[in-house]
Protein chains: 2
Amino acid sequence: MNKIAGQPRIEEVARRAGVSSATVSRFFSRRDLVSDKTAERIKKVADELGYRPNRLAGSLVTKRSRLVALLVPALTDSPFNAMIEAIVDALGERGYTAMLGLTGNRDETMDRVIDTALGLRVDGIIVTGVIADTATRDALRSANVTVVETWGLPEKPIDCAVGFSHHEMGRMTARFVHRRGYERPLIVAARGSRAGARRDGFLAEWSKLGAGESEEIEVEIPYGFGQARSVFRQMRSLETQPDVVVCGSDAFAMGIVVEAGRAGLSVPDDLAVVGLGNQPIAGDMRPSITTIAIDGGRIGQEAAKLFHDRAEGNEDGQHIIDVGFQLIERESA
Amino acid sequence: MNKIAGQPRIEEVARRAGVSSATVSRFFSRRDLVSDKTAERIKKVADELGYRPNRLAGSLVTKRSRLVALLVPALTDSPFNAMIEAIVDALGERGYTAMLGLTGNRDETMDRVIDTALGLRVDGIIVTGVIADTATRDALRSANVTVVETWGLPEKPIDCAVGFSHHEMGRMTARFVHRRGYERPLIVAARGSRAGARRDGFLAEWSKLGAGESEEIEVEIPYGFGQARSVFRQMRSLETQPDVVVCGSDAFAMGIVVEAGRAGLSVPDDLAVVGLGNQPIAGDMRPSITTIAIDGGRIGQEAAKLFHDRAEGNEDGQHIIDVGFQLIERESA
DNA sequence: TGCACAAATGATAACGCTTGCATAACGAAG
DNA sequence: CTTCGTTATGCAAGCGTTATCATTTGTGCA
């Protein structure tokens with residue numbers, strides 16, 4: 001309204017509506033407690049004044065900020081965006097607001113982001129991936145916020161978790177590759193625990209199946225299409241050429257497909273490719289990419305629900321939700 | 001520390017450090033006002049207690065939340081992610097926290113998100129794209145928050161803006177297409193003002209160049225690869241076949257390329273394709289996609305800077321920043 | 001008409017911090 | 001050893017809400 005006077009306060013609304021501030025407060029938080037007649041008056045005045053309760057003040061006394069920190073490593077070319085969208089939506093429906101924290105891949109940034117979140121007295125923190133650092137885990141445990149870890153299933157979650165088993169995903173991939181008759185898989189894995197778990201799962205199952213050798217190339221971040229080029233070159237210089245490449249992302253898989261094409265290799269006959277993530281584009285590619293679908297939206301919804309349940313004091317109920325994953329068999333393998 | 005007692009308060013820290021709460025407050029906000037000796041004591045106690053100033057309480061008195069609302073239509077397959085990352089980073093460096101609001105494409109959702117932002121008394125709002133609704137614009141203008149509009153250059157910005165001229169982009173595209181000798185462009189544009197401005201710019205320049213006919217197909221959202229299929233079919237049923245397709249995104253352009261390939265058309269000889277956005281993948285595709293690069297990161301940085309300048313009371317200085325764009329000529333056109 | 005009980009409203013004390021003003025401590029000059 | 005100018009600290013009044021408890025108003029029924 002008036003820049004100098006700042007925003008209108010509840011007191012002002014109360015005065016003009018001829019009621020006490022308590023009643024105005026009730027009107028906004030528990031509408032059913034005020035009579036229709038006064039409610040109408042309050043609404044009218046509030047609209048005129050453009051009054052909006054100050055949540056900072058409110059949260060101070062209720063000790064509930066209705067703020068949730070959303071920690072994600074990155075946004076560009078990230079497989080988490082569907083989950084983030086789902087979380088923001090589901091949280092919004094429940095009256096919570098998401099603050100976005102980009103953690104990158106460094107523990108330090110992660111700590112800084114958690115710090116600001118805690119300073120804001122967020123009601124909860126939803127983390128993309130499992131927090132590795134033990135000190136951080138402990139700090140969080142004692143911070144009186146509910147923490148939801150996603151996209152993985154830690155043995156001992158800080159609080160609760162929703163995701164899937166990367167190890168199991170690796171095993172399933174191995175079974176699939178074996179069933180298809182491929183004999184010399186190349187695993188392209190990123191550094192990091194998630195990719196590591198998939199690789200370990202793959203190798204465990206692979207050796208259990210009594211299958212032959214397998215190669216492995218470690219890359220920085222396997223999300224990118226571009227990185228495929230150098231990895232492909234690396235692959236070509238291996239002694240025994242693999243007959244299938246197991247990738248950490250669809251984009252990367254597509255990169256391998258393109259490179260294979262340029263090298264005169266036909267996919268999947270000369271070289272098969274398995275992606276990860278089931279991005280829409282993977283199905284539209286020619287050849288279409290065989291991949292593993294993870295329902296990010298589902299993870300997000302469950303995470304928001306889990307958070308909300310606990311925030312409402314529902315301590316019981318499931319702490320760990322396995323949303324699983326699904327192999328999508330297409331042309332590339 | 002102690003769940004029952006809740007988080008430690010400033011008073012507790014003060015007591016244990018043998019100072020007044022005012023001194024502790026100063027230690028956290030204006031370190032230089034506190035002597036080294038007491039500072040050390042305070043730090044020690046604060047660390048032991050795990051004390052972290054409650055920003056809700058602080059903001060209540062300073063009337064500065066150090067919160068900025070970031071309004072984006074979507075995250076998945078969105079060209080804005082680089083900008084969002086840049087904004088969150090740049091804001092974080094300056095001590096601000098970003099809250100994420102997904103506006104979708106409906107005014108109603110936009111209003112709801114703005115409402116929660118205003119309720120949180122955010123210091124600023126950074127909007128992706130220009131806000132169309134006049135009522136919302138007015139509400140924002142009188143809400144005493146600095147608003148930065150991005151990704152476009154409105155005639156009369158609410159407050160300030162950083163982006164580029166979609167109209168000019170359309171014109172440049174027309175000149176390029178003409179220079180390359182194409183004669184029958186097909187424009188695939190989304191509903192909406194941004195795409196509309198590009199189309200208008202294209203048509204204006206195209207007719208100015210005295211070039212021939214041009215066709216247009218309107219789609220819902222042109223970001224997706226998948227949508228290319230139906231549009232391609234639509235295109236094939238046109239009376240005169242276009243020799244170049246001007247797309248609203250790289251993903252869409254890639255979809256057209258793939259469809260063209262399946263239909264036996266060679267790109268760019270039988271059909272040329274121009275993308276938009278310069279996603280990494282566009283350069284790695286075969287054929288590589290000719291596209292227009294927009295520096296989302298730059299937009300983000302400038303937006304954060306602009307916001308910060310104004311939040312600090314720097315009313316003067318530029319209100320509108322044109323970051324331009326760049327045509328990347330590659331194989332597809 | 002009066003009474004009991006429910007519904008609606010009011011008064012007021014927090015919530016945890018910041019900041020202007022007042023006071024105390026400390027050096028450097030005189 | 002004063003005196004004065006810094007530099008460090010303390011006091012206390014808010015900031016704009018909500019929640020508890022008390023009080024008033026309204027309603028159905030004897």
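These numbers were taken from a predicted model, which means no experiment stands behind them. Here is how names work: the chains are called A, B, and so on, in the same order as the sequence lines, proteins then strands, and each is numbered from 1.
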Whole-Å gap separating C1' (C/dT19) and CZ (B/Arg64): 15 Å
Of the listed nucleotides (D/dG10, C/dC17, C/dG10), which one gets closest to any side-chain atom of B/Val19? D/dG10
Once you round it to whole Å, what is the distance between P of C/dA24 and CG of B/Leu33? 20 Å
Is it true that A/Lys43 and A/Glu40 make a salt bridge, defined as a side-chain N closer than 4.0 Å to a carboxylate O? no
Could you tell me whether the phosphate oxygens of C/dT9, OP1 or OP2, come under 4.0 Å of any side-chain nitrogen or oxygen in A/Ser35? yes
Does B/Lys37 have a side-chain nitrogen or oxygen under 4.0 Å from the phosphate oxygens OP1 or OP2 of D/dA8? no
In this structure, which one of A/Ile320, A/Leu153, A/Val148 forms a side-chain contact (heavy atoms from CB on, under 4.5 Å) with A/Val162? A/Val148
Figure out the CD1/C1' separation between B/Ile10 and D/dG10, and round it to whole Å. 13 Å
Between atom CZ in B/Arg55 and atom C1' in C/dC15, what is the gap in whole Å? 18 Å
Rounded to the nearest Å, what distance is computed from the CG atom of residue A/Asn54 to the P atom of nucleotide C/dC15? 18 Å
Calculate the interatomic distance between A/Arg41 atom CZ and C/dT9 atom P; express it in whole Å. 8 Å
Within the structure, does a side-chain N or O atom of A/Thr23 lie under 4.0 Å from either OP1 or OP2 of C/dG10? yes
Please pick, from D/dT17, C/dA11, C/dT19, the nucleotide with the shortest atom-to-atom distance to any side-chain atom of B/Arg26. C/dT19
By the 4.0 Å heavy-atom rule, please label B/Thr38 as base, sugar-phosphate, or nothing. sugar-phosphate
Is there a side-chain contact between A/Lys63 and the phosphate of C/dA14, meaning an N or O under 4.0 Å from OP1 or OP2? no
Over all strands shown, is A/Tyr51 touching base, sugar-phosphate only, or nothing at heavy-atom distances under 4.0 angstrom? sugar-phosphate
Return the nearest nucleotide to the side chain of A/Ala57; candidates are D/dT18, C/dA11, D/dT17. D/dT17
Assess whether atom CD of A/Glu312 is packed by more than 12 heavy atoms of other residues, nucleotides or ligands within 6.0 Å. yes
CD of A/Glu11 versus P of D/dC15: gap in Å, rounded? 11 Å
Only residue of B/Asp159, B/Leu118, B/Ile131 satisfying side-chain contact (heavy atoms from CB on, under 4.5 Å) with B/Ile125 is B/Leu118
Within the 4.0 Å heavy-atom criterion, would you say B/Gly18 contacts the bases, only the backbone, or no part of the nucleic acid? sugar-phosphate
Does the side chain of B/Ser21 get closer than 4.0 angstrom to OP1 or OP2 of D/dG10 through an N or O atom? no
Side chain of B/Leu60: nearest nucleotide among C/dG16, C/dT9, D/dT17? C/dG16
Which residue lies toward the 5' end of DNA chain D, B/Ala22 or B/Arg121, if each is placed at its nearest nucleotide? B/Ala22
Would you kindly give the CZ-to-P distance between A/Arg9 and D/dG14, to the nearest whole Å? 12 Å
Does any non-hydrogen side-chain atom of A/Thr116 lie less than 4.5 Å from one of A/Met99? yes
Do the side chains of B/Arg9 and B/Glu11 get close enough for a salt bridge, i.e. N-O under 4.0 angstrom? no
